[in-house]
Structures are given as C-alpha cells and as structure tokens.
Amino acid sequence: MFIAVLSNGIGVEAQAPAHLTRIPIGLINTTADCTNRTVEGKVIRKGPLVKLVSDNFILKAVIQEHDATLNDLSQNLSINVFLFGSLAKSFSEVVSEGDVVLAYGFTVGKSPTAKKDKLHPCNLILSGDNAGIYVTRVSKAPKYTYVKLDDLKDGSVVNIYGVVVFFKQPFQSHGTDFCSSLKITDQSKQNIGCTIFCEKLEDHPIILQTGDIVRMHRVKAKLFNNSITLINTFGFSVVTFNGSVGEPVEPWTCSKSFHLDEEDRRTVEELRSWAASQGLRSLVSSAVPLSDIQPKSYFDLTCQLLAKAPIQSTCTLLRVWDGTRCPHPLLEIIVEPGVTEGPTSFSKAKESLIANVLVFDNHMNFAKQLKPGDFLRIYNLHAIPGSNKVPGLTSRQPAKMDHLAFHLHGGTSFGKGIRILPENCPDVQKLKRVLEFLPEDREQELNDLELIEVWCTPPESLDGDALERSGVCTERSCSHQMQPVMLSQLKQNHPDGPHHVRVQLRSYEPRRHHQALKLFCSKCSSIQDVPDDEVVAGIFSEASRHSESCSSPPWLQSGYVYRPGGSLASLDRALGVYLCTQLVADETANDLIFLHGSTLEETCRLAEGYPNLVPVMSSGGHLALLDPSAPFLFRGRRRYYRCQRCSKAILRKPSFDMLEEIDEKVIAEALGVQLLQFVLLLKLELQDSTDTLNVLLMKHTELFFNVLAEDASTNEEAQSRVRQSMDILCPPEGSMGERPWLDLCLTAYRAEDDGQNQTCYQICNTTLLTPLPNMTPPEGVSHKREEPRCSSEIHSVNNVNVM
DNA sequence: GGTTAGGCTTCG
C-alpha cells in the first residue's frame with residue numbers, strides 16, 4: 001500500500017517510478033498486461049468508505065482521462081476504480097474530487113455495471129501491498145493552515161476559523177478607522193476577543209447573528225489583560241458564513257475575491273454542527289418579531305424600512321415592518337412636514353403593522369445611508385413602555401403605560417447597531433415572502449373607503465361600544481364601491497359576485513383549530529385532510545420493509561448517511577441514500593437526498609441537517625416515491641405533499657438549473673409532482689339582526705388572520721394566532737353582546753353541493769385587525785396545546801365547493 | 001506596518 005500527496009503544481013507522472021509506463025484509460029482492456037503500467041485520471045466521483053467484515057474496507061471511485069490529447073481514443077474515458085483495505089481508508093481521508101491521481105499495481109476486471117453506468121467496460125482493482133496511488137491536488141490558491149483557538153501564541157500571525165458568540169457592527173473609532181469587535185469560539189471551547197480596524201466598511205466582517213462563522217486570514221495574537229486577543233494585521237481578510245446547518249456554504253458577500261475549497265466547506269460544516277450541538281446559535285439569538293415583543297425587553301428586529309425622517313438633531317425615526325402586528329399599542333410620532341424620505345402615510349391596514357423606531361446619536365450616521373425598501377436588522381432595540389418623553393410624541397394622546405416606544409440608544413454596548421441585510425440571506429427571503437401576502441397599499445382609496453364606512457353602516461353598528469371594548473375590527477382591502485346589505489336581503493336575492501356585510505360571528509367549525517388545516521390542489525381543486533403522524537409513520541415502516549436493494553436509475557448514485565442517534569461505530573447506523581449525479585458533479589449533492597428505508601422519525605431528524613429529503617422505496621425492483629399520503633418532501637420542519645390525481649407516479653430524472661435555489665417548487669416540478677398547498681378552511685355562521693348565513697373562509701384565510709397556512713402546519717405561534725383570533729370573534733363562553741361587529745367582503749358563487757346547484761359564499765379581501773391576538777385570551781378559554789396535524793374528519797366542511 | 005478598542009444597556 002502506498003499513497004502520497006504531491007505538492008501543488010507537480011505533475012503526478014513526474015514522481016512515478018521510472019519503470020512504470022502509462023496506459024491511457026481508453027486503451028484498458030482485460031487482456032492487456034498491466035504489470036508495471038500506470039493509469040492517470042481526475043477523480044470525478046468519490047464514494048463513501050464502506051467497512052466490510054474483518055476490518056476490511058472498500059471504496060469506489062470514478063476517474064476520468066484528463067489528458068485532452070487522448071480524448072479521441074475511445075468513448076470509455078471514465079472508469080470505475082475499487083480500492084480495498086488501508087488504501088481505501090487513506091484514499092477516503094486524503095483524496096478529494098477534482099484531484100488527479102496516478103494508480104499502479106492494479107488489476108483489470110470486467111465491469112458488471114457497464115451497461116447501467118455507461119462507464120468503461122472494465123474496472124480497476126487496487127488491493128494489497130503492490131498497489132499504490134500518487135495524488136496531485138489541482139489548486140490555484142496557496143494553501144492556508146488554520147490554527148485552533150487554544151493554540152494561539154502571543155505575537156504570532158495566524159489564520160483562524162471561529163463561531164461568533166458576540167459581535168458589534170463596525171463603529172467609528174476615535175482614530176481613523178471603523179472598528180469591529182467580536183468574540184469567537186471553536187471546538188477548543190476558547191473564547192477569543194477580536195478587534196478589527198479597517199478604514200473601509202466593506203473590509204469588515206458581515207456578521208448577522210451570533211452563531212455565524214468567520215474565517216480570518218492574517219490576524220495577530222496579542223496578550224491583553226492576561227488573555228489572548230486577535231487583531232487584524234497587514235494583508236488581513238475575512239469572510240463570513242451563515243452558521244445554520246444545511247444552508248449552502250456561501251459567504252455573505254460576493255464582492256471580494258476569496259478562495260474556498262472543499263476543505264473550507266468541510267470546516268464550515270464541522271463548525272456548524274459543533275455550534276448546533278453546543279446550542280450556540282439558537283440559545284443566544286435575540287431575534288424577535290413585532291408580534292412577540294415584551295415591554296422593557298431588548299431584542300433584535302429583522303425588518304424592512306418603509307420611510308425615515310429626522311426628528312431632532314440627535315434622533316432619526318425609522319418606520320419599519322416585519323409582517324407581524326405588535327399586540328401592544330405603539331406610540332405615534334409626529335413628523336415635520338416635508339422631511340420624510342419615503343411615503344408619509346399608509347393605508348390603515350398597513351399602518352397597523354408599522355413600528356416606529358427612534359435611533360439616537362452615533363446610529364444616526366448609519367441611518368443616513370439607509371433607503372426605504374432596505375432590509376435591516378436592528379440590534380439590541382429597546383421596547384420602552386409608557387414613555388411620554390419621546391421626541392415628536394403626538395400631543396393628541398397622553399402617553400399610556402401600555403404604549404411602547406422602540407429606541408436604539410446611543411453607544412455600542414451589547415452590540416447596539418444596524419446592519420443592512422444581504423439579499424441572499426434566508427431572513428430576507430423569508431421576509432419578502434411574508435410581506436408579499438400583506439394587503440396592498442391603496443392610499444387613493446383610503447378616503448373613499450372611510451366615507452363609505454360612515455354612510456353604509458347598518459344601524460347596529462351605531463353602538464360602537466362593542467368594537468371599542470373588544471378592540472377588534474376588520475378592514476376590507478377590496479376596491480368595491482358598495483353599501484353593506486343585511487343578511488336577509490342577501491339571502492333573498494343572492495346574486496353572484498361581491499357583497500359587503502356587517503355581521504357578528506355566531507358559530508364556526510372546526511372548533512379544534514388544527515383541523516382547519518387542509519391540503520389543496522390548485523390543479524384539480526380537491527381538498528383533503530393532512531394525514532396524521534401515525535398514518536405517515538405506518539407508510540414509512542411499510543416502505544422500509546421493502547428496502548431491499550433495487551436498481552437505481554443512471555441519474556442517481558448510491559451513498560449513505562449516518563442514522564441519527566446510536567453509536568458511531570455501529571455499522572447499521574448507515575442509511576442508504578441516493579444522490580443526484582448532476583448535483584454530485586456540481587458538488588451540491590447534499591442539496592437533495594433520496595432516502596431509502598428510513599423511519600419517519602429518522603427522516604424528521606435528518607431533515608434538521610439536510611435541506612431537501614425525498615423518501616423513496618423499492619417497488620418492483622425500481623425506486624419509487626412512497627404512498628401519496630406520505631409527504632414526498634421534507635424541508636426542515638416543513639412537509640410537502642403531492643396530489644395523487646395530478647402527479648405522475650414514476651420517479652423521473654430531475655433537471656436543475658444550477659443558478660436556481662432548490663426549493664419545494666423546483667423539486668415538485670423536477671419530479672413531475674403536483675404540489676399540494678396548505679390552506680386553512682373554516683366554515684363560519686354569520687348573523688345580523690335579520691338572518692344568519694353560512695360562509696367559508698378559505699381563499700383569503702391567510703389575509704384574514706395574517707398568517708401563512710404553511711406556517712400553521714409547523715409553527716405554534718401561527719396556530720395560536722388563528723386560535724386566539726377566533727376566541728376573540730366568538731368567545732366560547734361569552735354573551736352575544738361581546739362579539740365584535742365585522743365588516744366583511746363576501747363573494748357569492750354557484751357550486752354543486754350534493755348534486756344541487758347552490759349559492760355559496762366566501763369571505764374575501766378582509767383582514768382582521770386585533771391589537772391583542774397573542775397576549776391575553778378572554779377568560780374561561782382553555783388553551784390546551786394543539787397537535788399540529790390530524791386526520792380527523794370534519795363532516796360539514798369536507799365536501800367543500802371551491803371557487 | 002501604524003492610533004483606534006480592549007463587549008457588559010438606557011438623556012431621549
């Protein structure tokens with residue numbers, strides 16, 4: 001056995017013993033004498049190291065002829081190579097895909113997989129003491145070595161990797177530079193303070209939250225107060241990465257040139273897993289949406305800037321939103337006319353989602369460069385209750401103790417600061433998706449709508465106390481110019497189309513709110529229940545009973561992952577997976593993994609570490625998707641289902657546009673699957689003084705509650721928002737007098753129901769405005785934690801006619 | 001080959 005890695009730039013043939021001569025891959029055949037011959041090629045595939053019985057190992061790789069002059073010899077330029085024993089083990093540790101290797105002492109066999117993999121009809125077997133390999137790494141960049149944080153010597157200049165445990169955004173020092181202050185750690189568990197001075201902001205690390213990973217080149221270790229600290233020195237450079245397991249290993253910025261190889265990716269991924277195992281990321285994250293803000297707390301806010309205005313010489317107002325509504329009333333701020341950058345007013349619905357943030361002193365400078373539309377994170381924002389000393393506070397309302405003001409105090413302690421978030425940051429992508437669903441701003445219609453509300457209000461609503469008391473109202477975002485009608489009128493005439501009504505909620509179904517979550521096919525308009533975990537677990541366990549090996553299509557190649565839990569040494573921890581050949585070639589194999597023979601529980605746990613998992617099973621000797629009742633895709637906590645009727649049943653070759661992020665839509669499209677979307681379906685019984693009316697809330701449920709149905713499938717907060725909203729509209733033990741009056745836009749349409757042509761109604765274009773959805777539920781309401789999934793039937797809403 | 005900062009809440 002022999003394996004040697006050669007220094008950069010030295011050709012493998014230069015090092016090979018002189019008595020060996022090269023045979024081009026295209027000329028290899030079973031009759032050729034291969035004693036004293038070498039084969040040279042680039043490693044295009046490196047399989048996992050597989051442990052056999054009696055301490056033997058096997059590893060399969062594919063090498064490709066890399067001499068362009070030999071390309072016309074034959075089509076068979078890529079050949080399977082099997083390595084055994086310690087050679088396999090060393091190869092696994094030392095060789096990376098892309099390396100060029102020179103092998104000798106091999107034997108040539110007939111490849112049993114040639115038909116299937118379309119590779120060379122022969123394979124090479126390297127086994128025993130006579131076989132060996134030389135490796136050259138094709139690398140343009142100089143190799144960096146990184147020092148662990150417990151190995152820093154005073155005065156040394158080093159390169160380091162670390163996980164951020166504390167940071168301050170760059171601030172103006174008293175000298176000539178901006179200063180970034182951070183503290184990092186690594187597997188050695190040392191906490192090391194770093195100070196970075198750079199004149200230009202773009203040379204500073206982009207750190208978005210604790211848990212992010214930094215790689216710094218040329219930092220100097222210096223002893224200060226008996227601790228080693230790191231300071232940037234000549235030639236300093238830094239790149240930072242998202243610290244979440246499963247995210248692509250891409251630096252936050254693309255503007256600088258840097259080198260990133262497989263080893264870097266591995267280092268980042270190792271640090272991510274380690275940080276996750278230490279709880280470094282989730283425990284210290286202080287990101288809080290507006291809906292969860294506690295008075296007196298300090299928090300980080302991820303938001304979009306809508307408008308800004310100077311308030312005083314030391315204070316700037318930032319008007320921001322994050323798509324959630326703060327349950328506490330917020331202080332209004334009066335702005336001088338003509339100084340606002342961005343819109344000066346918004347629709348009532350939008351205004352109710354906007355927070356006023358006052359930034360003081362040193363932060364004003366940074367605020368100057370912000371533009372409306374920017375996505376920001378504001379660090380260590382202070383929620384101050386009952387403040388009446390706010391500059392620009394409206395004089396119309398005296399400050400109330402429950403009104404909140406948001407201050408970014410002067411100074412940089414506790415990391416106070418603002419950062420514009422990069423576009424490729426997952427938080428920005430998520431925020432964009434949420435904001436897309438919010439009501440459009442219709443400023444020009446605002447006055448009209450307000451007038452209509454006054455004119456058209458039915459007599460009941462003259463008693464405005466109910467609304468005042470409950471603090472609940474609704475807002476229509478449609479552009480219909482029409483007067484509200486009484487329910488009896490509507491039922492007598494029931495013409496198709498839109499109607500406005502002013503009503504109370506008499507009752508609703510389902511009372512168990514998680515049962516409102518359904519799966520909807522936008523192609524065939526069918527609706528079904530979300531299968532419960534027991535059913536899904538059963539499908540997985542049935543499928544794993546058929547996990548015997550089967551032929552995988554040529555676009556997939558097999559691999560394995562470790563089963564979560566259990567001991568590392570145990571062989572049965574390896575779980576069979578299939579990877580897309582296309583993605584393997586692009587070094588993004590982990591982006592999509594086909595899991596074979598896993599249980600539901602294992603799949604869920606693996607989904608924490610891999611972005612896209614598609615469970616598969618053997619069916620008639622071929623790979624197939626599981627039963628359509630099971631999710632066809634796991635993405636983190638999210639599960640995606642397919643429409644049985646509208647999906648192709650065969651597992652087909654996906655083709656990815658490499659520039660595109662691989663998400664559920666891309667995968668569904670690639671696999672020929674019709675994706676089912678989560679919808680929230682409720683049947684409401686409305687009433688006014690004249691009649692009652694059954695209506696559905698389906699198409700616009702998300703708008704109505706201001707939650708995404710998909711969030712309600714995984715997220716306790718979203719579920720609780722729906723539950724609490726319904727409790728306010730229809731208190732379980734309250735009297736009719738306490739139910740708020742709601743202004744609704746209804747759409748009437750004709751649909752078949754039990755063979756009869758009937759008029760159905762849905763609530764559309766209406767948003768519920770509640771100041772206290774998440775905080776204080778009405779008395780007497782039981783708040784049992786609800787299961788997110790359930791298969792139970794709801795008789796009355798199962799056979800729904802969909803518009 | 002160099003001063004700055006070297007975390008540790010708040011005037012509003």
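Convention: sequence-line order gives letters A, B, ...; per-chain numbering from 1.
Judged by atom type and distance alone, A/His407 does not reach the base of B/dT10 through any side-chain donor-acceptor pair under 3.5 Å. Remark: the A/Thr195 side chain and the B/dG6 base include no donor-acceptor N/O pair separated by less than 3.5 Å.
Here ring-ring contact (aromatic ring centres under 6.0 Å, His included) pairs that include residues 286-307 of chain A, with residues two or more places apart or in two chains, are A/Tyr298-A/His382, A/Phe299-A/Phe406. Pairs engaging residues 159-168 of chain A under the side chain to side chain donor-acceptor pair (under 3.5 Å) rule: A/Tyr161-A/Asp264, A/Lys168-A/Thr412 [sequence neighbours left out].
With centroids closer than 5.5 Å and planes inclined by less than 30 degrees as the test, A/Phe197 and the base of B/dT3 fail to qualify as a stacked pair. Applying the 5.5 angstrom centroid cut-off and the 30 degree plane-angle cut-off, the aromatic ring of A/Phe414 is not stacked upon the base of B/dG7.
Contacts of A/Thr314 with the nucleic acid, taken as non-hydrogen atoms under 4.0 Å apart, include base atoms.
Distance, A/Ile231 CD1 to B/dT4 C1': 10 Å, rounded to whole Å. Distance A/Tyr298 OH to B/dG7 P: 19 Å, rounded to the nearest Å. Between the CG atom of A/Leu404 and the C1' atom of B/dG12 there is a distance of 16 Å, rounded to whole Å. Taking atom CG on A/Asn232 and atom P on B/dA5, their separation rounds to 14 Å, with Å as the unit. In this structure, CG of A/Asn225 is placed 13 Å from P of B/dC8, rounded to the nearest angstrom.
For the P atoms, the distance linking B/dG6 with B/dT10 amounts to 14 Å, nearest Å.
For A/Ser181, taking side-chain heavy atoms from C-beta onward, the closest of the listed nucleotides B/dT9, B/dT3, B/dG7 is B/dG7. Checking B/dT3, B/dG7, B/dG6 against the side-chain heavy atoms of A/Thr176 singles out B/dT3 as nearest. For A/Phe234, whose side chain is taken as the heavy atoms from C-beta onward, the closest listed nucleotide among B/dT3, B/dG1, B/dG6 is B/dG1. Closest to the A/Asn380 side chain, of the nucleotides B/dA5, B/dG6, B/dT9, is B/dT9. Considering only side-chain atoms of A/Asp361, the nucleotide from B/dT9, B/dG6, B/dC11 that sits closest is B/dC11. Of the candidates B/dG7, B/dA5, B/dT10, the closest approach to any side-chain atom of A/His382 belongs to B/dT10.
Outside the 6.0 Å centre-distance limit, the rings of A/Phe414 and A/Tyr379 are not counted as a close aromatic pair.
For the pair A/Asn715 (side chain) and A/Ala712 (backbone), a donor-acceptor distance under 3.5 Å is absent. Side-chain atoms of A/Asp300 come within 3.5 Å of backbone atoms of A/Asn380 as a donor-acceptor pair (strictly under, hydrogens ignored).
Classification of the A/Tyr146-A/Tyr144 ring pair by plane angle, with boundaries at 30° and 60°, yields tilted.
Of the residues near DNA chain B, A/Lys220 and A/Phe171, the one whose nearest nucleotide (by heavy atom distance) lies more toward the 5' end is A/Lys220. Nearer the 5' end of DNA chain B, as judged by each residue's closest nucleotide, is the contact made by A/Gly175, out of A/Gly175 and A/Leu408.
The phosphate of B/dC11 has neither OP1 nor OP2 within less than 4.0 Å of any side-chain N or O from A/His409. Distances shorter than 4.0 Å separate some side-chain N or O of A/Lys168 from OP1 or OP2 on B/dG6.
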